[in-house]
Amino acid sequence: TRSTRPQRMLKAVQKNATRGDPLSVISAIDRFCRHSEWAMNVGDEKGTILDSVVSEVNPAMALELGTYCGYSTVRIARLLPPGARLVTLEFNGDYAAIARQVIEWAGLEDMVQLVEGASGDWIPRMKEHFGVKTFDFIFLDHWKDRYLPDIKLLEECGLLRKGTVVLADNVICPGTPDYLEYIRNSPSYESNYFRSHLEYTKAEDGLEKSVYVG
Ligand SMILES: C[C@H](C[C@H]1O[C@@H](n2cnc3c(N)ncnc32)[C@H](O)[C@@H]1O)NC(=O)c1cc(-c2ccc(F)cc2)cc(O)c1O
Ligand SMILES: [Mg+2]
């Protein structure tokens with residue numbers, strides 16, 4: 001049977017990227033998505049905004065919802081300080097299997113804990129199962145109608161602290177209107193919109209950066 005797009009993306013990484021070199025993995029995926037097949041990675045343009053926020057926060061404990069093929073996982077993990085950890089949740093088993101291999105090709109498997117499962121099931125278990133106290137940085141990139149319920153769940157589970165930075169992808173395209181309405185009007189967050197473009201296209205999209213103020 002025909003291969004899947006994530007499988008072809010992984011082949012492109014194995015063919016064009018150097019083992020242990022995260023930047024070569026990132027550029028191999030960006031080249032594949034620009035010149036072969038579009039895919040829903042955060043991409044190079046929004047990726048540089050992601051990089052700058054991660055570098056500014058310098059998180060010891062980070063969370064990503066929606067791993068897909070591991071592109072943003074690699075972008076985040078390569079910037080983490082020694083001893084830091086990134087937990088990333090992906091509930092599609094086929095995507096998780098590809099992501100695991102992409103993360104390994106980049107040589108970042110020691111910093112990343114890829115959990116196959118749904119955010120709604122795993123967020124309540126973060127403390128007892130992963131020994132997480134609070135997250136310093138959170139990247140929301142999963143189903144767009146899960147951003148709002150999951151940020152509320154993260155609050156309820158005491159996983160945010162004063163200063164936790166939440167960065168949300170796709171707040172314009174596909175769009176997360178209920179999340180934006182909540183986070184921009186909540187006294188518990190200071191929010192800023194970083195205007196950009198939908199990965200590998202000219203369509204508008206952007207990232208919403210929100211700091212939890214408690
Ligand atoms: C949702 C996907 C990303 C991944 O998230 C996993 N996932 C989901 N819900 C959960 C959960 N509750 N827990 C754990 N994992 C979870 C899933 O299996 C996908 O692998 N992302 C998108 O759909 C996405 C779509 C577009 C897009 C934009 C314009 C178009 F014309 C078409 C598509 C752009 C983007 O930048 C995206 O990010
Ligand atoms: Mg996205």
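Start at 1 and go down the list; that is how both ligands and their atoms are numbered.
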With a 3.5 Å cut-off and sequence neighbours excluded, list the donor-acceptor pairs that the side chains of residues 11-22 form with protein atoms.
residue: N16; atom: ND2; partner: A12; partner atom: O; Å: 3.1
residue: D21; atom: OD1; partner: L23; partner atom: N; Å: 3.1
residue: D21; atom: OD1; partner: S24; partner atom: N; Å: 3.3

Problem set entry | Expected output: side-chain T164 to main-chain F135 donor-acceptor under 3.5 Å | yes

For this session: Please determine, by modelled atom types, if S196 and D205 share a side-chain donor-acceptor pair under 3.5 angstrom.
Result: no

For this session: Would you please write out the protein residues whose heavy atoms approach any atom of ligand 1 to under 4.0 angstrom, listed by chain and number?
Result: W38, M40, G66, Y68, L89, E90, F91, N92, Y95, G117, A118, S119, D141, H142, W143, K144, D169, N170, C173, P174, L198, E199

Seminar exercise, completed: Those residues at least two apart in sequence (or on a different chain) that pass side chain to side chain contact (heavy atoms under 4.5 Å, CB included) with P81 are N58, A84

For this session: Taking only Lys NZ, Arg NE, NH1 and NH2, and the carboxylate oxygens of Asp or Glu, determine whether R184 and E181 approach each other closer than 4.0 Å.
Result: no

For this session: Could you please tell me which protein N, O or S atoms lie under 2.8 Å from the Mg ion (ligand 2)?
Result: D141 OD1, D169 OD2, N170 OD1

For this session: Please determine if R125 forms a cation-pi arrangement with W122, meaning its NZ or CZ atom is less than 6.0 Å from the six-membered ring centre and no more than 45° off the ring axis.
Result: yes

Exercise. Does the side chain of E64 pick up a donor-acceptor pair with the side chain of T88 at under 3.5 Å?
Worked result: yes

For this session: Using distance alone, with no hydrogens and no angle criterion, decide if Y200 and D30 have a side-chain donor and acceptor under 3.5 Å apart.
Result: yes

Exercise. Is the ring centre of Y68 less than 6.0 Å from the ring centre of H142?
Worked result: no

